[in-house]
J.: 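Attaching a single structure in structure tokens format; questions to follow.
Fair warning: this is a prediction, and the values are worked out from it, not measured in the lab. Values below: all heavy atoms of this structure, side chains included; hydrogens, waters and symmetry mates excluded. Order of appearance sets the numbers: ligands from 1, and atoms from 1 within every ligand.
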Amino acid sequence: MLTKKPSDPHAAAPSPAAAPEKRSMDDLVAYFEGDFVALRDARVSIMTHAFMYGTAIFEGIRAYWSEEQQTLNALFVREHVERIRNNARIMLMGGIPSVDELSGLIVETVRRNGFREDAYIRPSFYKSTKAIGVRLHELEHQLYILTLPFGNYIDTEAGVRVMTSTWRRNPDEALPARGKIVGGYVNMAFQKSEAELNGFDEAIVLTLDGHVNEASAANVLIVRDGVLLTPPVTDDILEGVTRKAIIQLATDEGVPIEIRSIDRSELYIADEMFLCGTGVQVSPVIEVDHRMVGSGGIGPITKAIKARYFDAVRGRLPEYRHWLTPIPSA
Ligand SMILES: Cc1ncc(COP(=O)(O)O)c(C=O)c1O
């Protein structure tokens with residue numbers, strides 16, 4: 001039996017000193033079913049189709065605080081909005097707002113929170129009909145957008161240790177990875193927990209035919225003989241927005257790129273390896289299945305791309321300013 005919920009762990013605890021009061025998560029402003037509301041009021045019924053069957057799609061977007069500009073900049077808003085609109089088609093969701101409308105709602109949700117720190121933004125369309133019955137058709141859907149302060153999801157400095165998961169990636173013909181479908185993330189939850197419970201930071205997942213796919217919530221790149229390699233979008237990966245940006249950065253830096261299927265054993269002989277994604281940003285991998293990657297440090301190509309990426313997202317590179325959407329102040 002379920003027990004009563006414990007009291008809100010995010011509520012500000014009474015403090016003896018006059019420490020600045022931390023905003024409760026419940027007070028954050030979210031967009032929920034057509035209105036801007038406090039997060040505490042954004043509630044769904046347990047009968048909601050998406051809650052019962054995972055029939056929802058989502059995006060994870062980062063916003064970076066620029067100390068120099070005193071502005072919060074959301075990263076790749078348009079690209080994420082385009083992806084969620086495509087995924088709505090996969091999920092038989094019609095009448096999705098236009099790119100401009102949806103981008104505007106995202107910006108407005110963040111603006112209302114007045115963050116002066118890095119933040120995470122999650123828009124999600126979910127099947128909102130209260131109904132029993134597994135299907136995609138003849139169901140209503142709704143939109144929520146939540147946003148909260150957010151730091152690093154995984155270490156980006158020292159490098160991470162990964163293991164090849166014993167769980168395989170769900171193939172496109174079963175549950176499309178490119179769909180960013182909420183229910184599909186249970187596959188990644190198996191992988192991530194297996195890795196962490198075995199003492200690793202992340203999982204590397206293989207496709208059903210045994211090729212390198214991605215990490216639990218990030219795309220994978222390796223370097224062999226000076227060439228940057230990453231699996232194609234037809235290898236059951238999420239078509240990562242960050243992956244595309246990294247390909248752009250590498251091209252601009254003159255690093256040769258090859259997009260092709262990667263064998264597991266290529267990870268063991270790679271000179272360099274890193275993960276990329278909205279959450280992990282650019283995270284070097286220093287060990288895979290107990291084998292050191294390259295010489296065990298962070299290789300020169302990873303180092304250069306990572307530095308460019310962080311400079312770009314912090315608004316320090318004018319040539320990549322178009323990646324950023326400034327959030328007006330509240
Ligand atoms: C399974 C999976 N792969 C890759 C990525 C990276 O995609 P993006 O760069 O669009 O965030 C994510 C999300 O962060 C993900 O959930």
Side-chain angles (χ1 to χ4, degrees), residues 54 56-64 74-87 90 103 106 118-124 146-147 150-154 156 160 162 164-165 167-172 174-195 201-208 211-222 230-250 259 262 273-283 285 305-306 308-310 312-313 320 323-325:
I57 51 176
F58 72 104
E59 284 298 316
I61 306 172
R62 268 186 189 268
Y64 289 90
L75 182 65
F76 297 127
V77 173
R78 186 173 196 92
E79 289 78 358
H80 285 284
V81 165
E82 283 171 352
R83 186 166 69 188
I84 205 169
R85 291 181 84 252
N86 282 340
N87 292 339
I90 294 175
S103 304
I106 289 169
D118 295 350
Y120 177 80
I121 311 157
R122 173 169 297 214
S124 173
L146 69 80
T147 179
F150 199 63
N152 281 349
Y153 174 76
I154 196 172
T156 60
V160 294
V162 301
T164 306
S165 181
W167 296 98
R168 295 295 176 96
R169 182 63 143 129
N170 39 270
D172 190 67
L175 181 50
R178 69 166 52 74
K180 211 161 168 68
I181 297 163
V182 167
Y185 274 74
V186 179
N187 184 232
M188 282 74 137
F190 276 109
Q191 297 144 11
K192 178 76 171 177
S193 284
E194 181 190 42
D201 302 302
E202 250 302 335
I204 296 297
V205 186
L206 304 181
T207 58
L208 277 189
H211 287 113
V212 173
N213 168 252
E214 56 185 343
S216 71
N219 292 115
V220 180
L221 298 99
I222 63 171
T230 197
V233 293
T234 44
D235 271 1
D236 294 323
I237 63 166
L238 180 75
E239 296 184 9
V241 168
T242 318
R243 170 184 175 278
K244 204 168 168 188
I246 297 297
I247 291 171
Q248 183 64 58
L249 277 181
I259 296 177
I262 295 175
M273 178 171 172
F274 62 95
L275 310 178
C276 77
T278 300
V280 306
Q281 306 171 98
V282 176
S283 294
V285 178
I305 287 178
K306 178 172 168 261
R308 293 289 284 173
Y309 181 79
F310 281 104
V313 302
Y320 298 113
W323 289 4
L324 305 174
T325 302

J.: Do Arg169 and ligand 1 have an N or O pair less than 3.5 Å apart?
T.: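 Such a contact does not occur with ligand 1.
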J.: Specify the protein heavy atom at minimum distance from atom 4 (C) of ligand 1: its residue, its atom name, and the distance to 0.1 Å.
T.: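 For atom 4 (C) of ligand 1, the nearest protein heavy atom comes out as Glu214 OE1, 3.3 Å.
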J.: Return yes when Ala218 approaches ligand 1 closer than 4.0 angstrom through a heavy atom, no otherwise.
T.: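 Checking ligand 1 against Ala218, which is what was asked, there is a heavy-atom contact under 4.0 Å.
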J.: Hey, is the main chain of Asn187 close enough, under 3.5 Å, to the side chain of Gln191 for a donor-acceptor pair?
T.: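 Flag set: sc Gln191 to bb Asn187 pair under 3.5 Å.
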J.: Specify the protein heavy atom at minimum distance from atom 9 (O) of ligand 1: its residue, its atom name, and the distance to 0.1 Å.
T.: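 The closest one turns out to be Thr242 OG1, 2.5 Å.
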J.: Among Gly184, Ala217, Gly240, which one puts a heavy atom closest to atom 12 (C) of ligand 1?
T.: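 Residue with the shortest heavy-atom distance to the ligand atom: Ala217.
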J.: Using a heavy-atom cut-off of under 4.0 Å, does the side chain or the backbone of Arg83 touch ligand 1, or both, or neither?
T.: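 The side chain, only.
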J.: Please check this pair: side chain of Glu202 against backbone of Ser216, looking for a donor-acceptor N/O pair closer than 3.5 Å.
T.: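 Pair found, side chain donor or acceptor close to backbone of Ser216.
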J.: Return yes when atom CH2 of Trp167 has more than 12 non-hydrogen atoms of other residues, nucleotides or ligands closer than 6.0 Å, and no otherwise.
T.: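 Atom CH2 in Trp167 is not crowded, with 12 or fewer foreign heavy atoms closer than 6.0 Å.
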J.: Does only the side chain of Arg62 get under 4.0 Å from ligand 1, or the backbone, or both, or neither? Count heavy atoms.
T.: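 The answer is neither.
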J.: Using salt bridge (charged side-chain N to carboxylate O under 4.0 Å, His left out), reason through Glu214 and Arg169 one step at a time and then give a plain yes or no.
T.: CA-CA 9 Å; Glu214 56 185 343; Arg169 182 63 143 129; 2.3 Å; yes
J.: Taking the side chain as everything from C-beta on, heavy atoms only, tell me whether Leu275 gets closer than 4.5 Å to Asn219.
T.: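 In short, these two side chains do not touch, never coming nearer than 4.5 Å.
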J.: Run the numbers for me: atoms of ligand 1, each under 4.0 Å from some heavy atom of Ser216, listed by number.
T.: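 By the 4.0 Å cutoff, the relevant atoms are 1 (C).
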J.: Can you name the residues that form a salt bridge (charged side-chain N to carboxylate O under 4.0 Å, His left out) with Arg122, not counting sequence neighbours?
T.: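 Arg122 satisfies salt bridge (charged side-chain N to carboxylate O under 4.0 Å, His left out) with no other residue.
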J.: So if I count the atoms of ligand 1 from 1 in the order they appear, which ones are less than 4.0 Å from some heavy atom of Thr278?
T.: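 Atoms satisfying the 4.0 Å criterion: 8 (P), 9 (O), 11 (O), 14 (O).
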J.: With a cut-off of 4.0 Å, which atoms of ligand 1 are near a heavy atom of Tyr185?
T.: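 Here the atoms of ligand 1 in question are 1 (C), 2 (C), 15 (C), 16 (O).
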J.: As an exercise, identify every atom of ligand 1 less than 4.0 angstrom from a heavy atom of Met188.
T.: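 Under 4.0 Å from Met188, ligand 1 has these atoms: 1 (C).
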J.: Looking at Arg83 and Glu79, is any side-chain nitrogen of the basic one under 4.0 Å from a carboxylate oxygen of the acidic one?
T.: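 The answer is no: the pair does not qualify as a salt bridge.
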J.: Is it the side chain, the backbone, both or neither of Ala177 that has a heavy atom closer than 4.0 Å to ligand 1?
T.: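 For Ala177, there is no contact with ligand 1 at all, from either part.
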J.: I want to know if ligand 1 touches Val241 in the polar sense, i.e. an N/O pair below 3.5 angstrom.
T.: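 Between Val241 and ligand 1, an N or O pair is found under 3.5 Å apart.
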J.: Partners of Arg243 by salt bridge (charged side-chain N to carboxylate O under 4.0 Å, His left out), sequence neighbours excluded?
T.: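 In terms of salt bridge (charged side-chain N to carboxylate O under 4.0 Å, His left out), with neighbours along the sequence ignored, Arg243 is linked to no residue.
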J.: Should Leu221 and Phe274 count as side-chain neighbours, where that means a heavy-atom distance under 4.5 Å?
T.: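 Yes. Closest side-chain heavy atoms under 4.5 Å.
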J.: As an exercise, identify every atom of ligand 1 less than 4.0 angstrom from a heavy atom of Asn219.
T.: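 Counting from 1, the qualifying ligand atoms are 4 (C), 6 (C).
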J.: For atom 7 (O) of ligand 1, which candidate among Leu238, Ile237, Val205 provides the closest heavy atom?
T.: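 When every heavy atom of Leu238, Ile237, Val205 is considered, Leu238 comes closest to atom 7 (O) of ligand 1.
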J.: Do any N or O atoms from the side chain of Arg178 and from the backbone of Glu239 form a donor-acceptor pair under 3.5 angstrom?
T.: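 Not confirmed, Arg178 side chain does not pair with Glu239 backbone.
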J.: Of the protein's non-hydrogen atoms, which lies at the shortest distance from atom 13 (C) of ligand 1, and what is that distance?
T.: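 For atom 13 (C) of ligand 1, the nearest protein heavy atom is Lys180 NZ, 3.4 Å.
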J.: Taking Thr278's backbone N and O only, do any of them form a donor-acceptor pair with Thr242's side chain (distance below 3.5 Å, no angle check)?
T.: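 Yes, Thr242 side chain to Thr278 backbone: donor-acceptor pair under 3.5 Å.
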J.: Give the numbers and elements of all ligand 1 atoms closer than 4.0 Å to a heavy atom of Gly277.
T.: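 Matching atoms, with element in brackets: 6 (C), 9 (O), 11 (O).
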